[in-house]
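A short worksheet on the structure shown next.
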Amino acid sequence: MIVVGIETTCDETSVGILRFTQKKRKNSRLPEVEELALITLSQDFHSIYGGVVPELASRAHLENITLVLKEALRKAKIDISEVDIISVASEPGLPGSLIVGTSFAKGLAQSLSKSIVAVNHVEAHIISPLIENDLKFPFASLIVSGGHSSLYLVEDIGSYKLLLKTRDDSVGEVFDKVAKFFRFGYPGGPIIDYISAGANSLFSFPEIQVEDLSFSGIKTFCVRTPINWFGPFPLPEFFSSFQKKVIDEVIDKTIKSLKKLEIEINTVAVSGGVARNSYFRRRVKDFPEINFVFPSPKYCTDNGSMIAFLGGLKKILFSQESDLNFDIRPTGVLKSKGGIDWKSDIFSPS
Ligand code: KG4
Ligand code: ZN
């Protein structure tokens, strides 16, 4: 079964093509899957505005989506008629961007008489580590991106419990906002990561007193410190300390949340753009009791393959499909079975 996944929730226009085989994975009911193509076009031009401009994002999706699909089909060496299912992210995300992706997907499905599956973007992130890894349920999934910062207990495909969320900014957002304050452009995460390389973490950031993730105190410290500084400001050391504080906070709160559970969970799959952070990847080695699983960089950022993967699994495992008249849900939340208040886990583009 060949599934095309269309992702246009924010500022990536991405199409992934996966082939699901009849073969089951070892000790699992999940099918084996092969990626035939993944083409992701990042809208770098938002950099000059210091953040994603929704109107420009949707226009760029409109201009690029056909080309991205054509390129993905060319790379996969298949004709569109060979595709069995169109999977598309319909929630949460920027309204205009969601409209472009879902309208395009509906048009394809209707003209080719194919099934369509509308999926939740956050759910796709949560299960994306399963594309490359055979993780045993239950495991924990940590999403650290520009729009989300949440930790879920993944009991099965479709069964998630929200364990941790942020009170204010998402992890990626705090990187982006701090970089914007220093006029470094957008997205800030890779820039801060680059500048921090090899520098010592000399600055002590204030302690965060809340149980959830929260970064407003860190942001205030970032704004105040250079203003009160005398002499040349040691940027690499400052960013290295900032990055350490943010990532250590995420790791610490994640481990504390897992310890509160009645069952023992020692696998944490990490996804979202911040999963690319080099300090994060080094730092987890200091916690050998937890197996932190990082996807390949192409699956960390928003991508069409995770959308194809979730759509394919919904069809294969639960025979789920969508009607062509489904709506977009820009603030669509992922239902949590128990856990903390899931209503507040909404999308907030930086
Ligand atoms: O998952 P993603 O591509 O898009 C969504 O937000 O859904 O994540 C983008 C975020 C941005 O906030 C960006 O600054 C951050 O991921 N990011 C990083 C790094 N690479 C991307 N943050 C820290 N270090 C990085 N190396
Ligand atoms: Zn995302």
Side-chain angles (χ1 to χ4, degrees), residues 5-14 16 38 40-44 46-47 50-52 54 57 89-94 97-98 101 119-129 141-150 152 166 169-182 184-197 215 218-219 239-240 242-251 269-284 294-307 309-310 330 332 334 345-350:
I6 296 172
E7 158 64 42
T8 62
T9 56
C10 193
D11 58 341
E12 261 90 26
T13 315
S14 181
L38 172 58
T40 301
L41 198 73
S42 291
Q43 301 175 358
D44 297 334
H46 294 288
S47 164
V52 177
S90 62
E91 61 179 60
L94 300 170
S97 297
L98 288 172
V119 304
N120 179 294
H121 172 87
V122 177
E123 184 176 4
H125 270 305
I126 291 177
I127 64 152
S128 64
S141 196
L142 175 68
I143 311 168
V144 274
S145 72
H148 302 279
S149 301
S150 21
Y152 284 90
T166 179
D169 291 325
S170 70
V171 187
E173 203 175 2
V174 70
F175 273 91
D176 295 338
K177 285 183 176 168
V178 167
K180 188 176 177 182
F181 172 74
F182 284 92
F184 282 136
Y186 171 89
I191 302 168
I192 290 181
D193 197 357
Y194 179 77
I195 295 176
S196 310
F215 302 107
I218 294 182
K219 268 189 317 189
F239 280 145
S240 167
F242 160 80
Q243 180 170 275
K244 181 176 184 326
K245 179 69 192 170
V246 173
I247 300 296
D248 284 356
E249 187 66 20
V250 171
I251 296 175
V270 191
S271 60
V274 184
R276 300 174 92 128
N277 185 268
S278 59
Y279 173 76
F280 198 170
R281 289 177 178 241
R282 282 198 309 277
R283 182 70 169 135
V284 294
F294 287 89
S296 313
K298 64 179 178 176
Y299 297 137
C300 285
T301 198
D302 291 348
N303 67 88
S305 287
M306 70 180 190
I307 305 298
F309 186 56
L310 178 57
L334 182 63
D345 182 37
I346 57 168
F347 180 73
S348 64
S350 47

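Order of listing sets the numbers, starting from 1, for every ligand and every atom in it.
- Backbone and side-chain nitrogen or oxygen atoms of Gly147 are examined, and one is located within less than 3.5 angstrom of a nitrogen or oxygen of ligand 1.
- Across Gly146, Pro187, Gly188, heavy-atom proximity to atom 9 (C) of ligand 1 is greatest for Gly146.
- The closest approach between Ala179 and ligand 1 stays at or above 4.0 Å for every heavy atom of the residue.
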Would Phe184 and Phe239 satisfy ring-ring contact (aromatic ring centres under 6.0 Å, His included), going step by step from the backbone distance to the final call?
CA-CA 12 Å; Phe184 282 136; Phe239 280 145; 5.7 Å; yes

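- Residue Ser150 holds its OG atom at 6.5 Å from CD1 of Ile126, rounded to the nearest 0.5 Å.
- Residue contacts with ligand 1 for Asp176 involve side-chain atoms from C-beta outward but no N, CA, C or O (heavy atoms, distance under 4.0 Å).
- Expressed to the nearest 10°, the angle at the Zn ion (ligand 2) joining OD1 in Asp302 with NE2 in His125 is 90°.
- The backbone N or O of Asn303 sits nowhere less than 3.5 Å from a side-chain atom of Thr40 that would complete a donor-acceptor pair.
- Among the atoms of His121, an N, O or S atom falls under 2.8 Å of the Zn ion (ligand 2).
- With Ser47 contributing its side chain and Gly185 its backbone, the two residues share no donor-acceptor pair below 3.5 Å.
- Using a non-hydrogen distance threshold of 4.0 Å, Cys10 does not register as a contact of ligand 1.
- When all heavy atoms are compared, the tightest approach of Ser278 to Asp193 is OG-OD1, 2.5 Å.
- When non-hydrogen atoms are compared, ligand 1 lies under 4.0 Å from the side chain of Asp193 (C-beta onward) but not from its backbone.
- With hydrogens and angles ignored, the 3.5 Å screen pairs a side-chain donor or acceptor of Asp176 with a backbone N or O of Gly188.
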